[in-house]
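What follows is one structure encoded as structure tokens, with my remarks underneath.
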Amino acid sequence: MSILVPAALAFSAIIPIILLLYFMRPKRQEKVVGSTLLWQQAMQDLQASRPWQRLRITPLLLLQLLAAIVIILILVRPAIFMSSPVSGNTIVILQASASMQATDVAPSRFDKAKDTISGFIDALGPNDHLSLISMARTPQVLIANSQDKAQLTNALQHARVTNQDADLEQALSLASSLAAGQENAQVLVVGDGHVMNNNQTLDSPFPVQYMSIGGDAPNMALMALSSRSLQGKLIAFAQVSNYSHDQRSVPVELYADGRLFSVKTVTLNAGASGAIEWGPLPARTNLLHARLLSQDAMTTDHEAWSLVGSSIHGRVLLVTKGNMYLQTALRLQSNVTLYTIDPSKYSNSIGTYDLTIFDGYAPPSEPVGNILYVNPPARNYSFGSSGPAVGVSHISTGNDPQNLLSSIDLSSIHTMRSTHQLKPALWAQPIISTPTTPLLLAGENNNRRVAVFGFDLHETDLPLQPSFPILIYNLVNWFLPSPVAGNGQVTPGTPVSIQTWPGADQVTVTGPDQQTITVGPPFPATPYARTNPVGIYQVNQRVHGHTLSGIFTVNLFNPNQSQLAPAKNIPVTHSTNITNNKNTISRQLREIWPWIAAILLLILCAEWWLFSRNYQPQQSNNQTAHKTPRTTIRGKTNQRSARYPWLASMQDQVLASWNRTQRKTKKFSKRLRTTLKKTSKGERRVNI
């Protein structure tokens, strides 16, 4: 222990002053009398009595001396060395990634890390400043450069663990901005060290320390879930990884559209991965759900969801006199409900469709919704104009911002004699071109998408090529887009750009927590960022008066987070590792006078309580006298005892105990002196 203000020891002069006051204090016995009228002479004699007398040790004197000693200790500001890595300007980075949910330490790694940081907050000194950063995919500042322990504790309690990865590079960049202009800045990373890009070494302008949380807990995890069509049969695949040091066998359940399809057991060696196959699945399956039946320290990676085809089904009307090529290609699309009608029976009053295809026919007025023209008659259209037939020589790729020609080989087209002369509007893009005219146009105008084939499919070998079903697939998915591009699977914490349907006037997203967020209007839709929970997300779009529903899924699928063994170090140059061992943590000087001041408060309370017993009256056997307030020889009325009888009773008990202890102590002292006196005279005591 150290003393910061030795000069304050001069205040110890108060101790002899207290003793002097007790030497001069007259000790009189208090008696209860009916009146002071007959005691005037006695009171005058008391005032003339000699003040100096023998010092008597009383509890009140001891408490006052003890209070004086405690006051001296407070003034000299004693301090001790405490174990803490937090001193000066410290920035604590709390890892909040998925692996921090592991329960190998109670109650979880994240809660353990918060408890550790809470201890650092309690040990802050008067010159220490602390900042807190929560580290996930996007790090966030919880509180910056604060000394207020209450505010720091409140900010720490608002930190939440996520299902995301941890971006240490961004967290250190954020810490650098907080440390700008500060002296003796340092960073402490508290977590298990599972961070993004851990194979890259980062540089830091200030010291970085790493405190590891957790142990080498075993874990089984789903790493992938998908489906594909093999020989006309729908097959599901799942990949499972064993992140442990022993061989393990785990059952895996597969649900198809919410119904249990099958349970298979996978056996994997330590550190190995394996695949499971289910099939054939029902042809109309839309959603797969796999679940591991394993008791591990982490369960977020035990479930996964996957879409089969597109999640939104559109109503498509084909107006044709008979085109088997188009009908066959459209029926292969899983997101299409196909209706066909003869041009002679078509009318705009037959209903609203998400996509209308006109094959060799053009209506007097265009319908609401998306339109695909095939071999349009010569006339003016919303996309431009269709003219007389012209010859086709060389076919080439035009401007394709919609990626409609993805996986398409145009060189496979060998026969195409003629096509209509197409003159596109400014918003229509030529997708396939020739030197004389475009062959395929596509574009969006007035919240509607339009595409045009300028030729008759029966006069070319394109429908016989493998590229034709792919081209129709690309077109249908451009007309009727899924809510999320690709396979509909999203990484936790990644903002999602919702693909809205042409004509949509409202778009909402409902997460697994059943919280609904409106992302449109305005359009284009605002990216949806609340993708932290894993599970199924429902997307509803209101298009032309009716609602279209689609889904996308969020899965962990992160080997970096599923492997629970803490990292031995973090990828930062010259970083150091610390633990909770006091021998490895720097020792900081901390003042302890606030705790001593609390003791002083208790002493003063005890002194007041003992002093208040001087107002307690002596009990009388007469009940009438007990009810009437008595006057003491000092002339004071016992109103406090009348108002607080429970306090008077407690004081009686303590006073009686104190008197008994005094009598026993005096009796023991007298016996001890007698025994010592006899022993000194040479007397012998024999026990018979």
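What you are looking at is a predicted structure, and each value in this text was computed from that prediction instead of being measured.
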Per-pair distances, 0.1 Å, donor-acceptor, side chain in residues 276-289, under 3.5 Å, sequence neighbours excluded:
unit_1	atom_1	unit_2	atom_2	d
Thr285	OG1	Pro282	O	2.8
His289	NE2	Glu303	OE2	2.9

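For Thr573, the side-chain hydrogen bond (donor to acceptor under 3.5 Å, both in side chains) test picks out Asp203, with sequence neighbours left out. Judged as a ring pair (Phe, Tyr, Trp, His ring centres under 6.0 Å), and not counting sequence neighbours, Phe468 has no contacts. With sequence neighbours excluded, the residues satisfying salt bridge (Lys or Arg N to Asp or Glu O under 4.0 Å) with Asp505 are Arg542. In terms of the side-chain hydrogen bond (donor to acceptor under 3.5 Å, both in side chains) criterion, Gln239 has no residue partners (sequence neighbours excluded).
A parallel orientation is assigned to the rings of Tyr537 and Phe552, their planes being inclined by less than 30° (bins at 30° and 60°).
Applying the 6.0 Å contact sphere to NZ of Lys264 captures more than 12 heavy atoms from other residues, nucleotides or ligands. Summarising the local packing, CD of Gln489 is surrounded by more than 12 heavy atoms from other residues, nucleotides or ligands at distances under 6.0 Å. Enclosure of atom NE2 in His394 is not indicated, since only 12 or fewer non-hydrogen atoms of other residues, nucleotides or ligands lie within 6.0 angstrom. Around atom CG of Asn446, no more than 12 heavy atoms belonging to other residues, nucleotides or ligands sit under 6.0 Å away.
Sequence neighbours left out, not one pair with a member in residues 471-525 passes ring pair (Phe, Tyr, Trp, His ring centres under 6.0 Å).
Side-chain polar atoms of Thr300 and Gln101 form a donor-acceptor pair below 3.5 angstrom.
Geometrically, Arg379 engages Tyr381 in a cation-pi contact, judged by NZ or CZ lying under 6.0 Å from the ring centre and within 45° of the ring axis. The side-chain tip of Arg228 points at the ring of Phe237 from less than 6.0 angstrom away and within 45° of straight on.
Leu225 approaches Ala304 most closely through the heavy-atom pair CD2-O, 3.5 Å. Taking each heavy atom of Thr500 and Gln541 in turn, the nearest pair found is CA-OE1, 3.3 Å. Looking at every heavy atom in both residues, Val319 comes nearest to Tyr346 through CG2-CD1, 3.8 Å.
With Asp165 as the partner, the side chain to side chain donor-acceptor pair (under 3.5 Å) test is satisfied by one option alone out of Thr491, Thr494, Asn558: Asn558.
A centroid separation of less than 6.0 Å is found between the aromatic rings of Phe383 and Tyr373.
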| said: Test salt bridge (charged side-chain N to carboxylate O under 4.0 Å, His left out) on Arg448 and Glu366; report intermediate values, then the result. | reply: CA-CA 11 Å; Arg448 180 176 64 178; Glu366 293 182 337; 2.8 Å; yes
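A 4.5 Å side-chain heavy-atom check between Val539 and Val509 finds at least one atom pair inside the cut-off. Looking at heavy atoms from C-beta onward, Pro388 lies out of side-chain contact with His420 at the 4.5 angstrom threshold.
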